[in-house]
Amino acid sequence: KDITTDILVIGGGGAGLTSAITAAENGANVILVEKMPAVGGNTIISATGITASDTKLHEEAGLPFTVEDHIKKTMETGKGLADEALVKILAENSSAAYDWLVSLGLSFKIQSPEEPFWIIPTEGHYGAQLVKAFQAEAGKYKNLEIKVNTKATELIVEDGKVVGAKVEGEGGTYAIKAKAVVLATGGLNNAPEMIAEYNSNYKGINAEMTTPGPTGDGIKMAVAVGAQLKDMEYFQMRPLSANGHWYKEIIVNEEGKGGILVNKKAERFVDETMKPWDLGAEILKQEDRMAYIIFDTDVYNTKDGKKAVEQGKGVKADTIEDLAAQLGLDAAVLKATVDAYNGGQDPFNRKTMGKVTVGPFYGVKTLPSSHYTMGGIAINENAQVLNNDGNVIEGLYAAGEVVGGLYGAGRVAGNNTLDDIVFGKIAANHAVGK
Ligand code: ADP
């Protein structure tokens, strides 16, 4: 009961759906397999919006954000490590990507004059709207079939060319043969062991900020057919997160106000103002790979402080000793830790000291989580997968978070759904010979 199609897309997040729609638009027969019961992936939890440059929106608002600005910002955020040729393609196609989203019925505004690179929905949750619009569009094509609960397990190679994949679906295991395969399986956010394999600093990282699907399957399948990987050691990590949310580091490092982090011994262990990824790595070295954020009412009264307490299910107490009791920490040690910090004692050379003096006091448990996988499969400008010699693996494409090379060591928020669309389209167009 093997089946045959023109284009097989593996993964039904933003990149896979865009690819499938684009291939179908071009008249190809398309099957998209999604291992979960529903499409959406981590695209559906994408909260901010999309980055775009030189769009109609920028023109109308008189707020310039040019393609050159976009490239520069992306390269700088990636510490110069991203592949500039790919970044250029990303930025140059962002205006068309924006137009496409508008054509699907979404409506956007520019985030703010200060941040003109962010295009956000005029209302509602971005990721949910995006996935809904893609599903509606996909539903228009009779030549596009979405098979949920269907997991690709292995790519099929014949004469050095990828010609399909083995899948496990309702009714068992079978092969889907295709002229080309697009890998769009997302990142590693729900594969903590794989994250630790690629970067041992992140051993024990949490998988709270993810949907279940992104478990690195695409990376494994691609490596098995000789694909080259890029930048695999880089993950966007949110050191201060719990209960599926993340809290801005500002709660521990706002000048003159910031709180502190303590471990289960109620002791500080780090300069809380260090870069988020370093901070996360330090928290992961502590007992149970977690820490408590301790702060006072001055910090609580900031938007981020309140958010941390509410979403992190934090505790509140009139005294530091009572706070310690509620958190299960040694009260005398926590008091001594806070007093030392308030007195300006700091063995960690913290850049700017704050104070924890104004009661009531708050404590929030925090667990570092992976938020984005920067590295992934190497591709060329056609989204074709490259092998370790830099040559194309015929018949194999990749798009979305499974791709490496677009981010280097850092990601501009919102570039990710842009790259889903830009490279999802490029992959499909090239695969159908357009
Ligand atoms: P992107 O933004 O790159 O599209 P997402 O995380 O939004 O990434 O989507 C990736 C999708 O791929 C998820 O819905 C996930 O469940 C799906 N997926 C991952 N591995 C497989 C697999 N082996 N077979 C089918 N679908 C998969």
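Quick note: residue numbers are just sequence positions, from 1. Order of listing sets the numbers, starting from 1, for every ligand and every atom in it.
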Q: Does anything in residues 44-59 form a salt bridge (Lys or Arg N to Asp or Glu O under 4.0 Å)? List the pairs, not counting sequence neighbours.
A: K56-D99
Q: Can the ring centres of Y372 and Y407 be said to be less than 6.0 Å apart?
A: yes
Q: State whether K265 and E287 are salt-bridged, where the test is any N-O pair (Lys NZ or Arg NE/NH1/NH2 against Asp/Glu carboxylate O) under 4.0 Å.
A: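 Judged by the 4.0 Å cut-off on N to carboxylate O distance, K265 and E287 do not form a salt bridge.
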Q: Does anything in residues 118-156 form a ring pair (Phe, Tyr, Trp, His ring centres under 6.0 Å)? List the pairs, not counting sequence neighbours.
A: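 Counting only pairs at least two positions apart or across chains, the ring pair (Phe, Tyr, Trp, His ring centres under 6.0 Å) contacts touching residues 118-156 are W100-F134.
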Q: Quick one: which of L188, N190, T373 gives a side-chain contact (heavy atoms from CB on, under 4.5 Å) with T210?
A: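 Exactly one candidate clears the test, N190.
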Q: Which pairs with one or both residues in residues 100-115 pass salt bridge (Lys or Arg N to Asp or Glu O under 4.0 Å), sequence neighbours excluded?
A: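 Qualifying pairs: none.
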Q: So if I only count non-hydrogen atoms and take anything under 4.0 Å from ligand 1, which residues does that give, chain by chain?
A: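 Its neighbours under 4.0 Å (heavy atoms only) are I10, G11, G12, G13, G14, A15, V33, E34, K35, M36, G40, G41, N42, T43, T150, K151, A152, A184, T185, G186, G213, P214, D217, M221, G400, E401, D420, given by chain and number.
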